[in-house]
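Whatever order the structure lists ligands and atoms in, that order sets their numbers, starting from 1. Note that these values count all heavy atoms, side chains included, but never hydrogens, waters or copies made by symmetry. The structure displayed is predicted, hence computed values, not measured ones. Just so you know, residue 1 is the first one in the sequence shown, and it goes up from there.
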Amino acid sequence: MATTDNVIETEVYTSRFLVVASGENSQGTIPDIDGLDSYGGEYIHSNQYENGRKFRGKDVLVVGCGNSGMEIAYDLWNWGANTSIVVRNPVHVLTKEMVKMAMIMLQYLPCKAVDKITVAISKLKYWKLSKYGIQRPKKGPFHLKETSGRSPVIDVGTISKIKSEEIKVLPGMKCIRDKDIVFTNGETVQFDAIIFATGYKSTVRNWLKGSYETFDEEGMLRKSFPYHWKGRNGIYNVGFSRRGLQGISSDAQNIANDIYSNTTVALGFNN
Ligand SMILES: NC(=O)C1=CN([C@@H]2O[C@H](COP(=O)(O)OP(=O)(O)OC[C@H]3O[C@@H](n4cnc5c(N)ncnc54)[C@H](OP(=O)(O)O)[C@@H]3O)[C@@H](O)[C@H]2O)C=CC1
Ligand SMILES: O=C(O)C(=O)Cc1c[nH]c2ccccc12
């Protein structure tokens, strides 16, 4: 749809297939925290974060300790910001080497065994992170990834800065009063800026007409893995399996193969 001088032009495309690829990480979400609307500093979502240049010398709080939050906290520290990060729930921290090793092991061993080995190695490397406000989940990293879609954090250097107390860990936020942020442990700290690395939501229900049958209130597929990627009437869904990049890759291949087999049969290439 395009507008020129108040005339709305609509272009209509017709196709046999439609691949819904807006995915589960479509629009950044910022939690509804008491007092955020009257916050006395600047706040952004992690998807607006470019680098920490303008935060040099500032007190900055990163909310969220997924891969975005942990990477941004490290970048802010590198740019000379006085950096803190909110870690309100347990999280697995691994190095990229541990992840690589685990991905290889997962081809030969059950997930439970890979989790045990990976957690043991992570403990050897990082020892007791609880001392620094980071708890390990009771369930294993790859079990959690497979069942909940939460990826273990790949440490880019943040943990060593947390251990040396150059990056401070804080618990959940309770409320905001001007520049004061009150945490669930009762501590109140002033911050000049907040980066909300609090994740994303799906937007498919906003743009795909008639998608309510296929997608739930959260814009996630009602059908579950492994039957989720094929919809009705030539509609396919990629990137909604809560299985990270691997899930996206397998959806893409399934969809491409399905479209290929439908078109080749229709065109008679299979004879
Ligand atoms: N290098 C890489 O491979 C990278 C990969 N990614 C991937 O991109 C996807 C999106 O990542 P990301 O942007 O980090 O989002 P995620 O959804 O992975 O993480 C969101 C984080 O925000 C926390 N959070 C949410 N609400 C609040 C709140 N009110 N108060 C405190 N904490 C809160 C969550 O913690 P809680 O558990 O408490 O809800 C969680 O730690 C993921 O799949 C991630 O793995 C992203 C960056 C780099
Ligand atoms: O595939 C994902 O979910 C990603 O976001 C990449 C990623 C981050 N941490 C990981 C740990 C194991 C495998 C992939 C990832």
Side-chain angles (χ1 to χ4, degrees), residues 22-36 39 43-50 61-75 84-107 111 114-115 117-119 121-122 133-159 169-176 181-185 191 194-202 218-220 225 238-252:
S22 51
E24 57 204 22
N25 291 315
S26 179
Q27 187 178 59
T29 54
I30 291 183
D32 190 13
I33 294 168
D34 174 17
L36 180 61
Y39 176 53
Y43 73 88
I44 56 168
H45 186 266
S46 56
N47 62 12
Q48 292 166 278
Y49 182 88
E50 287 172 10
L61 179 66
V62 178
V63 185
C65 61
N67 279 292
S68 298
M70 288 289 206
E71 286 187 10
I72 288 173
Y74 186 62
D75 189 65
S84 301
I85 185 165
V86 170
V87 181
R88 65 168 184 178
N89 277 316
V91 60
H92 282 290
V93 181
L94 308 175
T95 62
K96 67 174 186 301
E97 289 76 19
M98 291 176 206
V99 170
K100 269 188 204 161
M101 201 177 69
M103 300 311 262
I104 295 169
M105 286 193 294
L106 281 169
Q107 295 172 26
C111 184
V114 176
D115 272 347
I117 299 167
T118 311
V119 169
I121 298 172
S122 174
I134 303 175
Q135 313 284 338
R136 275 194 190 85
K138 292 207 166 65
K139 290 181 177 158
F142 291 93
H143 171 79
L144 271 179
K145 183 164 166 57
E146 211 171 287
T147 53
S148 71
R150 294 293 308 273
S151 293
V153 165
I154 302 178
D155 176 30
V156 290
T158 323
I159 298 299
V169 173
L170 287 159
M173 292 162 86
K174 216 163 152 189
C175 63
I176 300 175
I181 299 180
V182 185
F183 295 89
T184 50
N185 62 355
F191 287 99
I194 309 175
I195 318 290
F196 283 101
T198 40
Y200 294 82
K201 64 177 180 188
S202 160
E218 294 188 333
M220 296 302 285
F225 181 89
V238 64
F240 290 94
S241 69
R242 295 194 201 269
R243 276 172 162 73
L245 297 173
Q246 233 178 1
I248 295 170
S249 160
S250 107
D251 289 349

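- In this structure, M173 and L61 have side chains that are in contact, with non-hydrogen atoms separated by less than 4.5 Å.
- Protein heavy atoms are found less than 4.0 angstrom from atom 26 (N) of ligand 1.
- Close N/O approach between G66 and ligand 1 is found [any backbone or side-chain N/O within under 3.5 Å].
- In this model, no donor atom of one side chain and acceptor atom of the other lie less than 3.5 Å apart for N47 and Y200.
- Contact of the I33 side chain with the I181 side chain is not registered, since no non-hydrogen atoms from C-beta on lie closer than 4.5 Å.
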Residue pair M101, I121: steps toward the side chain to side chain contact (heavy atoms under 4.5 Å, CB included) verdict: CA-CA 11 Å; M101 201 177 69; I121 298 172; 3.1 Å; yes

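- Using a distance-only test at 3.5 Å, with no hydrogens or angles considered, a donor-acceptor pair links the side chain of T198 to the main chain of T29.
- Against a heavy-atom cut-off of under 4.0 Å, S151 is close to the following atoms of ligand 1: 45 (O).
- The closest donor-acceptor contact from the side chain of H92 to the backbone of F142 lies at 3.5 Å or more, if one exists at all.
- The closest heavy-atom contact to atom 4 (C) of ligand 1, among the options T184, N67, N47, comes from N67.
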Could you go through ligand 2 and note, for every N or O atom, any protein N or O atom closer than 3.5 angstrom, writing the atom names and distance to 0.1 Å, or 'none'?
unit_1: ligand 2; atom_1: 1 (O); unit_2: K145; atom_2: NZ; d: 3.3
unit_1: ligand 2; atom_1: 1 (O); unit_2: L245; atom_2: N; d: 2.8
unit_1: ligand 2; atom_1: 3 (O); unit_2: K145; atom_2: NZ; d: 2.7
unit_1: ligand 2; atom_1: 3 (O); unit_2: S151; atom_2: OG; d: 2.4
unit_1: ligand 2; atom_1: 9 (N); unit_2: P152; atom_2: O; d: 2.9

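- Within a 6.0 Å radius of CD in E97, other residues, nucleotides and ligands contribute more than 12 heavy atoms.
- In this structure, the side chains of F240 and D251 stay at 4.5 Å or more apart for every pair of heavy atoms.
- Atom 42 (C) of ligand 1 has N25 ND2, 4.6 Å as its closest protein atom, hydrogens excluded (heavy atom only).
- With distances taken over non-hydrogen atoms, the option nearest atom 11 (O) of ligand 1 out of C65, G28, S68 is S68.
- Remark: D155 engages V93, Y126, T158, I159 in a side chain to side chain contact (heavy atoms under 4.5 Å, CB included) (not counting sequence neighbours).
- Atom 17 (O) of ligand 1 has its closest protein heavy atom at G199 CA, 3.7 Å.
- Residue, atom and distance of the protein heavy atom nearest to atom 1 (N) of ligand 1 are E71 OE2, 2.9 Å.
- The 12-atom threshold is exceeded at CG of N185, counting heavy atoms of other residues, nucleotides or ligands nearer than 6.0 Å.
- Here the side chain of N67 pairs a donor or acceptor atom with the backbone of I154 at under 3.5 angstrom.
- For E50, the CD atom counts as loosely surrounded, since its 6.0 Å shell holds 12 or fewer non-hydrogen atoms of other residues, nucleotides or ligands.
- Side chain to side chain, K145 and S151 meet the donor-acceptor criterion of an N or O pair below 3.5 Å.
- The atoms of ligand 1 that sit less than 4.0 Å from any heavy atom of Y200 are 13 (O).
- When distances from atom 21 (C) of ligand 1 to the protein are checked, a heavy atom turns up under 4.0 Å.
- Within a 4.0 Å radius of atom 47 (C) of ligand 1, the protein contributes at least one heavy atom.
- Within the listing of ligand 1, atoms 29 (N) sit less than 4.0 angstrom from a heavy atom of P31.
- Ligand-side atoms of ligand 1 in range of A197: 20 (C), 21 (C), 22 (O), range being under 4.0 angstrom from any heavy atom.
- By the 3.5 Å distance cut-off applied to N or O atoms, N89 is counted among the residues near ligand 1.
- You'll find the side chain of M220 reaches within 4.5 Å of the side chain of E24, heavy atoms only.
- Residues P141 and M98 have side chains not in contact (no heavy-atom distance under 4.5 Å, counting atoms from C-beta outward).
- For atom 32 (N) of ligand 1, the nearest protein heavy atom (residue, atom name, distance) is R88 NE, 3.6 Å.
- Backbone and side-chain nitrogen or oxygen atoms of R150 are examined, and one is located within less than 3.5 angstrom of a nitrogen or oxygen of ligand 1.
- For atom 23 (C) of ligand 1, the nearest non-hydrogen atom of the protein is G64 CA, 3.6 Å.
- Close contacts of ligand 1 with V86, meaning ligand atoms under 4.0 Å from a residue heavy atom, involve 31 (C).
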